[in-house]
Amino acid sequence: MLDIGKTATWLLRRLNPETAHELAIHSIAHGLAGRGKPDHSALRTEALGLSFPNPIGLAAGFDKNARAVRGLARLGFGFVETGTVTPRPQPGNPRPRLFRLVDDHAIINRMGFNSCGIDRFCQNLTPLFRPDGNGTVKAAGVPLGINLGINKTGADPLVDYPALVGRTKSYADYITINLSSPNTPGLRDLQATDMLARLLDAIQTAHPDRPPLLVKLAPDLEDDAYGPILQTALDGGADGLILTNTTLARPARLTDPHREEAGGLSGAPLAERARHVLQLVSDLNNGRLCLVSSGGIETGKDILERLKMGADLVQVYTAFIYEGPAVLTRLKQELLHEMSRSGIRTLASLRR
Ligand SMILES: Cc1cc2nc3c(=O)[nH]c(=O)nc-3n(C[C@H](O)[C@H](O)[C@H](O)COP(=O)(O)O)c2cc1C
């Protein structure tokens with residue numbers, strides 16, 4: 001029998017990457033991409049004071065403008081992170097800016113925060129919430145993360161991030177401040193501990209009532225930079241870290257001709273560094289901050305490994321681009337299989 005999901009994914013992979021992306025968002029937003037099965041209760045995960053049907057989230061950057069949140073939740077993600085959204089609309093970098101490195105199971109992107117801007121973004125989210133006479137009810141079905149960034153020009157991070165938190169805090173189950181896209185000049189400098197401390201203080205002062213706050217970090221910092229950042233995040237009242245964004249490094253084993261393109265590399269070649277950074281931070285964390293691992297996750301075995309290393313949740317992006325929604329069924333089956341091989345009956349038992 002023809003599997004529509006698989007056929008659509010096969011077709012999308014033959015299109016120009018941005019055209020394929022637009023088509024995918026459109027079909028998911030209109031409920032044409034299918035629906036996942038209810039999750040096995042063994043996959044239920046608690047983190048950030050929230051309940052997740054499974055620990056596999058969609059990483060930021062796929063649904064930058066919050067156009068397909070409900071459809072993405074239906075596919076079977078355990079949570080969906082939308083954005084990065086910037087204060088004002090901006091087009092991002094000139095095309096081409098998105099490259100598939102198929103044989104390397106990787107992507108290079110230099111999108112540069114193409115964003116509809118926060119006004120439109122909030123308009124797109126509004127239909128997800130319906131009044132229930134008692135405030136609003138979240139209708140996305142799974143926890144919703146909102147990832148915030150700054151404009152390429154005219155940005156003032158100490159003003160812009162708190163303002164964006166204020167605009168999104170009533171929609172988000174958690175908020176991520178993205179300090180690690182390699183495609184916005186100067187953004188990664190905000191990871192310096194003095195700047196991070198000021199940023200967290202500005203957000204905390206303006207919005208003590210905010211939802212849980214995560215900081216998304218780059219994989220390209222020196223190893224000894226992560227400890228002080230972890231401490232600064234703890235001191236500043238952050239709730240978690242996302243480890244990691246894309247890398248500027250180009251591992252020697254890349255074979256695709258696009259490997260020299262400028263931008264952030266994601267997918268399989270990022271896995272080793274993302275694992276290393278997770279281990280570094282996890283060893284120092286002692287369970288204090290929620291850790292979300294992102295970077296090159298392709299199998300259920302990868303997921304269980306990251307969870308055992310100290311991640312509370314994981315996120316995927318590149319594997320979803322290559323495999324489409326079927327990746328979720330596969331990852332969950334493999335994860336359950338790996339759990340049973342390791343004698344782990346529920347993910348909740350990993351954290352006790
Ligand atoms: C095309 C593309 C766009 C991305 N855009 C964003 C973004 O807007 N904000 C962000 O925090 N991360 C962004 N990312 C990074 C992903 O969220 C993720 O952290 C990274 O790709 C590593 O995961 P992966 O190896 O599973 O792809 C983007 C990644 C890709 C491939």
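Order of appearance sets the numbers: ligands from 1, and atoms from 1 within every ligand. Computed over heavy atoms, backbone and side chain alike; hydrogens, waters and symmetry mates excluded.
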Exercise. For atom CZ of R198, decide whether the heavy atoms of other residues, nucleotides or ligands shown that lie under 6.0 angstrom number more than 12.
Key: no
Self-check item: Location of contacts on T244 toward ligand 1, heavy atoms closer than 4.0 Å
Solution: backbone
Quiz item: Do R97 side-chain atoms and N93 backbone N/O form a donor-acceptor pair below 3.5 Å?
Solution: yes
Quiz prompt | From G61, G83, A271 - option closest to atom 5 (N) of ligand 1 by heavy atom | solution = G61
Self-check item: Contacting atoms of ligand 1, where contact means under 4.0 angstrom from a heavy atom of T246
Solution: 15 (C), 20 (C), 21 (O)
Quiz item: Taking only heavy atoms of G295, which atoms of ligand 1 are found under 4.0 Å from at least one of them?
Solution: 22 (C), 23 (O), 25 (O)
Exercise. Can you sort out which atoms of ligand 1 are near S266, meaning under 4.0 Å from one of its heavy atoms?
Key: 21 (O), 25 (O), 27 (O), 31 (C)
Quiz item: If you measure from the Lys or Arg side-chain nitrogens to the Asp or Glu carboxylate oxygens, is any gap between D119 and R167 under 4.0 Å?
Solution: yes
Quiz item: When you look for heavy atoms under 4.0 Å from ligand 1, do you find them on the side chain of K216, its backbone, both, or neither?
Solution: side chain
Quiz item: Which ligand 1 atoms are under 4.0 Å away from a heavy-atom of G296?
Solution: 24 (P), 25 (O), 26 (O)
Self-check item: Any donor-acceptor pair under 3.5 Å from R110 side chain to A262 backbone
Solution: yes
Quiz item: Heavy-atom contacts under 4.0 Å between I242 and ligand 1: side chain, backbone, both, or neither?
Solution: neither
Quiz item: Which protein heavy atom lies closest to atom 23 (O) of ligand 1, and at what distance to 0.1 Å?
Solution: S294 OG, 3.4 Å
Quiz item: Going by the atom numbers of ligand 1, which of them fall below 4.0 Å from some non-hydrogen atom of L270?
Solution: 22 (C)
Practice problem: Around atom 8 (O) of ligand 1, find the nearest protein heavy atom and jot down its residue, atom name and distance. | Solution: K64 NZ, 2.9 Å
Quiz prompt | Sidechain-backbone polar pair: Q191 side chain, R188 backbone, donor-acceptor under 3.5 Å | solution = yes
Quiz item: For atom 29 (C) of ligand 1, which candidate among T86, T176, N109 provides the closest heavy atom?
Solution: N109
Quiz item: Which atoms of ligand 1 have any heavy atom of N178 under 4.0 Å away?
Solution: 9 (N), 10 (C), 11 (O)
Quiz prompt | S349 side chain vs T346 backbone, donor-acceptor pair below 3.5 Å | solution = yes
Quiz prompt | Test item: N147 side-chain N/O and E81 main-chain N/O as donor-acceptor pair under 3.5 Å | solution = no
Self-check item: Nearest-neighbour protein heavy atom for atom 13 (C) of ligand 1, which is reported as residue plus atom name and distance
Solution: A60 O, 3.2 Å
Quiz item: Does ligand 1 have any atom that is closer than 4.0 Å to a heavy atom of G267?
Solution: yes
Quiz item: So which of T318, V316, N245 gets nearest to atom 15 (C) of ligand 1, if we judge by its closest heavy atom?
Solution: N245
Practice problem: Give the C-alpha distance, both sets of side-chain angles, the deciding distance and a yes or no for side-chain contact (heavy atoms from CB on, under 4.5 Å) between I108 and T246. | Solution: CA-CA 9 Å; I108 291 177; T246 57; over 6 Å; no
Quiz prompt | Pairwise distance CD(E18) to CG(N109) - rounded to 0.5 angstrom | solution = 9.5 Å
Exercise. Can you sort out which atoms of ligand 1 are near L98, meaning under 4.0 Å from one of its heavy atoms?
Key: 1 (C)
Quiz prompt | Neighbour count above 12 (heavy atom, 6.0 Å) for R345 CZ | solution = no
Quiz item: Going by atom types only, do T255 and D103 share a side-chain donor-acceptor pair under 3.5 Å?
Solution: no
Self-check item: Greater than 12 external heavy atoms within 6.0 Å of E272's CD
Solution: no
Quiz item: Nearest non-hydrogen atom to atom 1 (C) of ligand 1 belongs to which of Y322, Y317, F320, F99?
Solution: Y317
Quiz prompt | Ligand-side contact atoms (ligand 1) for residue partner T84, heavy atom cut-off under 4.0 Å | solution = 7 (C), 8 (O), 9 (N), 10 (C), 11 (O)
